[in-house]
Enquirer: 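Okay, here's the structure, questions in a sec.
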Protein chains: 2
Amino acid sequence: MIKHELSTEEIIKDAAKKVFLEKGFGNTTTRDIAEHASSNIALVNYYFRSKEKLFQEIFRECFADTFAPIARILNDDLPLEAKIYKFVDQMIELLKSDPMLPMFVFSEMRGENSKIGSLMAEMHPKENRFLLQLEEEAAKGNIRKTNFDQIELSLMSMVIFPFISMNMIKMKQNLTTEEFYRFMDERKKAIPEMILTYLRHRG
Amino acid sequence: MIKHELSTEEIIKDAAKKVFLEKGFGNTTTRDIAEHASSNIALVNYYFRSKEKLFQEIFRECFADTFAPIARILNDDLPLEAKIYKFVDQMIELLKSDPMLPMFVFSEMRGENSKIGSLMAEMHPKENRFLLQLEEEAAKGNIRKTNFDQIELSLMSMVIFPFISMNMIKMKQNLTTEEFYRFMDERKKAIPEMILTYLRHRG
DNA sequence: AAATATTTTAAACAAATGTTTAAATTTTTT
DNA sequence: AAAAAATTTAAACATTTGTTTAAAATATTT
């Protein structure tokens, strides 16, 4: 197994991501980051100019890591059922591999979103094949007619929220991280089943 | 209309809640709070001893404001369908009146939850009538058998997550706050319908 | 009304924090 | 090998920030 040697810059960036995701911008100090990188504060600024710039770079990546897969899968050319199963499966795998990601992204976006603004514009203007697809299926009479924005939001909620409330769930249900992940794996079936059962039984 | 005169202590606490909820502990300064209260930093510490103590007091209240209604309604003595409708309705009304509440509570609970720990213990050990009720209905054959922890989590997710991602939703769908709240009101029907449709169509 | 307690203000302090400087070390280029 | 460039280190700097002090103003009690 070839171990790719990480540059100092990469080490610092990885450390920064770890600390920012764990504690958020406001609770993170430059010294925190330097220590986690076994480095020093001067090097952090040498490579990234400032805490703010370093944060922006990491936030931008995390934002993309979160929303790019969503857009990609929802715009896939797949039948509805397969798409929903794939979406839930892949998102849960992603979030298991980076469980702090959504809490970080959404918490840094609160308050009259100073930090973002631009990111949204670059990211999301692409058309939404998923909503179109739902409309088509409804037109064909395969699923019920309803406000599909609500369906999409519920899908996102059921996938993402458990990771946002991970600590609460783990404490309430007394779960180890492993057990929590198994609980999430169960959702790969439970969520699509709920969505599809609802869609297929017209009101 | 009688205008109850607020004490300095109350003014400062209200200001602190506003700022903490908007920016989180780490991004809030004592001076922030003092300014929002049209007061000064010495008074903040005069009444609350420290930023940390003031925060703890507010977090404790917010934690209760979030989870007490959940426990109360889910333990209500109501038939399943009525309970689910009531739960969604009341939670959405609560969150509309305090939309930053869940983001605040969950974001301050992340990382190996230093600040909480104790709160969980005081709060949640009460039995969960909702899960028992689901088991009963399943035993009677009225709803499908499944892991009801997943149902409960999905219910929470669909109610709470939209407020956590409020800014994202407002930007993506170009909504004013009023429009966003109308979108949330729609969920008072959409969410119970989805849950109940799923439960009533056994697999 | 005098004495006492409480509240408020302005200023100061100490520690923490983001950033920079300048020298030392290492790496790369000539 | 010498020169130049890039990286690393330790220290210092300037702000910001949480907290405290001491005096002034106000309210309460005697």
Side-chain angles (χ1 to χ4, degrees), chain A residues 2-62 104 107-108 110-112 114-116, chain B residues 2-62 104 107-108 110-112 114-116:
Chain A
I2 298 162
K3 215 175 194 175
H4 191 285
E5 177 103 357
L6 290 170
S7 69
T8 303
E9 185 172 349
E10 289 167 321
I11 291 170
I12 290 172
K13 195 168 170 184
D14 290 351
K17 184 183 169 182
K18 185 172 188 309
V19 181
F20 278 138
L21 261 74
E22 233 167 53
K23 315 208 291 184
F25 180 84
N27 296 300
T28 297
T29 68
T30 313
R31 284 165 180 82
D32 259 340
I33 295 167
E35 279 167 31
H36 269 78
S38 307
S39 182
N40 63 71
I41 50 177
L43 273 183
V44 175
N45 284 307
Y46 175 73
Y47 283 108
F48 298 96
R49 321 272 309 164
S50 73
K51 179 193 173 188
E52 182 69 32
K53 291 251 173 54
L54 174 52
F55 173 82
Q56 294 288 359
E57 199 167 319
I58 286 167
F59 180 80
R60 180 173 285 271
E61 285 182 16
C62 288
F104 173 68
S107 73
E108 298 296 345
R110 80 177 135 181
E112 299 312 314
S114 48
K115 285 164 181 165
I116 319 99
Chain B
I2 298 162
K3 215 175 194 176
H4 192 283
E5 177 103 356
L6 290 171
S7 69
T8 303
E9 185 172 349
E10 288 167 322
I11 292 171
I12 290 172
K13 195 168 169 183
D14 289 352
K17 183 183 170 183
K18 186 173 188 308
V19 180
F20 277 138
L21 260 74
E22 232 166 54
K23 316 208 290 186
F25 179 84
N27 295 300
T28 297
T29 68
T30 313
R31 284 163 180 83
D32 258 341
I33 294 167
E35 279 167 31
H36 269 78
S38 305
S39 181
N40 64 72
I41 50 177
L43 274 183
V44 175
N45 283 310
Y46 175 71
Y47 284 108
F48 298 95
R49 320 274 308 168
S50 74
K51 180 193 175 189
E52 182 69 32
K53 290 251 174 54
L54 174 52
F55 173 82
Q56 294 287 0
E57 200 168 318
I58 286 167
F59 180 81
R60 180 172 285 271
E61 285 182 16
C62 289
F104 173 68
S107 74
E108 297 296 345
R110 80 177 137 183
E112 298 315 312
S114 49
K115 286 165 181 164
I116 318 100

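Residue numbers start from 1 in every chain, and the chains themselves are labelled A, B, ... in the order their sequence lines are given, proteins ahead of strands.
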Enquirer: Is the phosphate of C:dT8 approached by B:S39 (side-chain N or O, under 4.0 Å from OP1 or OP2)?
Expert: no
Enquirer: What distance do B:E9 atom CD and B:L43 atom CG have between them, rounded to the nearest 0.5 Å?
Expert: 10.5 Å
Enquirer: Quick one: label B:F48 by what it contacts on the DNA or RNA (base, sugar-phosphate, nothing), any heavy atom closer than 4.0 Å.
Expert: nothing
Enquirer: Just the rounded figure in Å: distance from P of C:dT7 to CG of B:L6.
Expert: 16 Å
Enquirer: Could you state the atom-to-atom distance from CG of A:N27 to P of C:dA16 in whole Å?
Expert: 16 Å
Enquirer: Starting at atom CD of B:E35, determine the distance to atom P of C:dT9, rounded to an integer number of angstrom.
Expert: 14 Å
Enquirer: Counting N and O atoms only, with roles assigned by atom type, does the side chain of B:K13 sit under 3.5 Å from a partner on the main chain of B:F48, one being a donor and the other an acceptor?
Expert: no
Enquirer: What is the distance from CG of B:L43 to P of C:dA11, rounded to the nearest Å?
Expert: 15 Å
Enquirer: C:dA10 P sits how many Å from B:N40 CG, rounded?
Expert: 7 Å
Enquirer: Do A:S107 and B:R110 come within less than 4.5 Å of each other through their side chains, counting heavy atoms only?
Expert: yes
Enquirer: What string of B, S and - do you get for nucleotides 18-25 of chain C, 5' to 3', if B is base contact, S is sugar-phosphate-only contact and - is no contact with any protein heavy atom under 4.0 Å?
Expert: BBBB----
Enquirer: Does the side chain of B:K51 reach to within under 4.5 Å of the side chain of B:F55, using non-hydrogen atoms?
Expert: no
Enquirer: Output side-chain donor-acceptor pairs under 3.5 Å for residues 14-25 of chain B, partner residues at least two apart or in another chain, one line each.
Expert:
from: B:K17; atom 1: NZ; to: B:D98; atom 2: OD2; distance (Å): 3.1
from: B:K18; atom 1: NZ; to: B:E22; atom 2: OE2; distance (Å): 3.3
from: B:K23; atom 1: NZ; to: B:D32; atom 2: OD2; distance (Å): 2.8

